[in-house]
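Below is one structure, written out as structure tokens, with a few remarks after it.
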Amino acid sequence: KEKDLTWIAREGLKAPLPENWKPCKTPTGDIYYFNFQSGDSVWDHPCDEYYKKLYATEKAGLEKKHDEAAAEKKRGEEEAKVKASA
């Protein structure tokens, strides 16, 4: 089911940094991101939150479709039982 969402991970991994953001390295070798215009710095890629929200939205949509399909199948099975017993 979640294999349908791997495109989001691929897109997120390839996402360029937004304007004014650059990767930087601490003296111990850890990577962080610094915005040279605003002075903000973050440990996670500046676009990570966008892709996390996109994943949650897409996953909820897939789960809804799955639940609706399961309910439709159950209704069909129940109708078939009623017809068979008539």
Side-chain angles (χ1 to χ4, degrees):
K1 184 162 77 170
E2 290 190 24
K3 283 191 266 183
D4 295 336
L5 301 177
T6 56
W7 65 271
I8 297 171
R10 280 193 301 275
E11 191 176 300
L13 289 170
K14 294 178 184 179
L17 286 169
E19 189 174 353
N20 300 312
W21 285 94
K22 301 287 182 205
C24 300
K25 196 181 282 190
T26 67
T28 58
D30 294 318
I31 301 294
Y32 67 98
Y33 300 91
F34 186 78
N35 184 315
F36 283 87
Q37 182 178 10
S38 68
D40 292 338
S41 63
V42 294
W43 289 108
D44 296 324
H45 190 288
C47 295
D48 278 1
E49 196 58 37
Y50 167 80
Y51 287 102
K52 287 177 186 178
K53 288 178 182 176
L54 179 60
Y55 174 81
T57 300
E58 293 292 323
K59 183 178 179 186
L62 285 177
E63 288 173 349
K64 183 178 179 186
K65 283 183 189 177
H66 179 266
D67 292 347
E68 288 170 352
E72 184 63 32
K73 181 180 177 184
K74 186 175 181 179
R75 278 192 296 275
E77 290 170 351
E78 290 171 357
E79 287 175 9
K81 285 180 187 177
V82 169
K83 287 180 183 177
S85 67

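When a residue number appears, it is its place in the shown sequence, counting from 1.
Between W43 and T26 the shortest side-chain heavy-atom distance falls below 4.5 Å. Contact of the P46 side chain with the L17 side chain is registered, since non-hydrogen atoms from C-beta on lie closer than 4.5 Å. Taking the side chain as every heavy atom from C-beta outward, Y33 and K22 never approach each other to under 4.5 Å.
By the rule that hydrophobic residues join a cluster once side-chain heavy atoms approach within less than 4.5 Å of another member, L54 and L62 end up as members of one cluster.
Qualifying side chain to side chain contact (heavy atoms under 4.5 Å, CB included) partners for N35, counting only residues two or more places apart in sequence or in other chains: N20, W21, Q37, S38, D40. D30 is linked by a side-chain hydrogen bond (donor to acceptor under 3.5 Å, both in side chains) to T28, counting only residues two or more places apart in sequence or in another chain. Remark: Y55 pairs with E2 by the side-chain hydrogen bond (donor to acceptor under 3.5 Å, both in side chains) rule, at least two apart or across chains. Scored by the side chain to side chain contact (heavy atoms under 4.5 Å, CB included) test, E11 finds W7, Y51 as partners (sequence neighbours excluded). Considering only residues two or more places apart in sequence or on other chains, S41 meets the side chain to side chain contact (heavy atoms under 4.5 Å, CB included) condition with Y32, F34. With sequence neighbours excluded, no residue forms a side chain to side chain contact (heavy atoms under 4.5 Å, CB included) with E19.
The CD1 atom of I8 sits 11.0 Å away from atom NZ of K59, with the distance rounded to the nearest 0.5 Å. Distance check: R10 CZ to L5 CG gives 10.5 Å after rounding to the nearest 0.5 Å.
In the hydrophobic clustering (ILVMFWY side chains linked at under 4.5 Å, chained through shared members), L13 stands by itself.
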Show every donor-acceptor pair shorter than 3.5 Å between a side-chain atom in residues 71-78 and any protein atom, with sequence neighbours excluded, or say none if there are none.
{"residue": "E72", "atom": "OE1", "partner": "R75", "partner atom": "NH2", "Å": "2.7"}

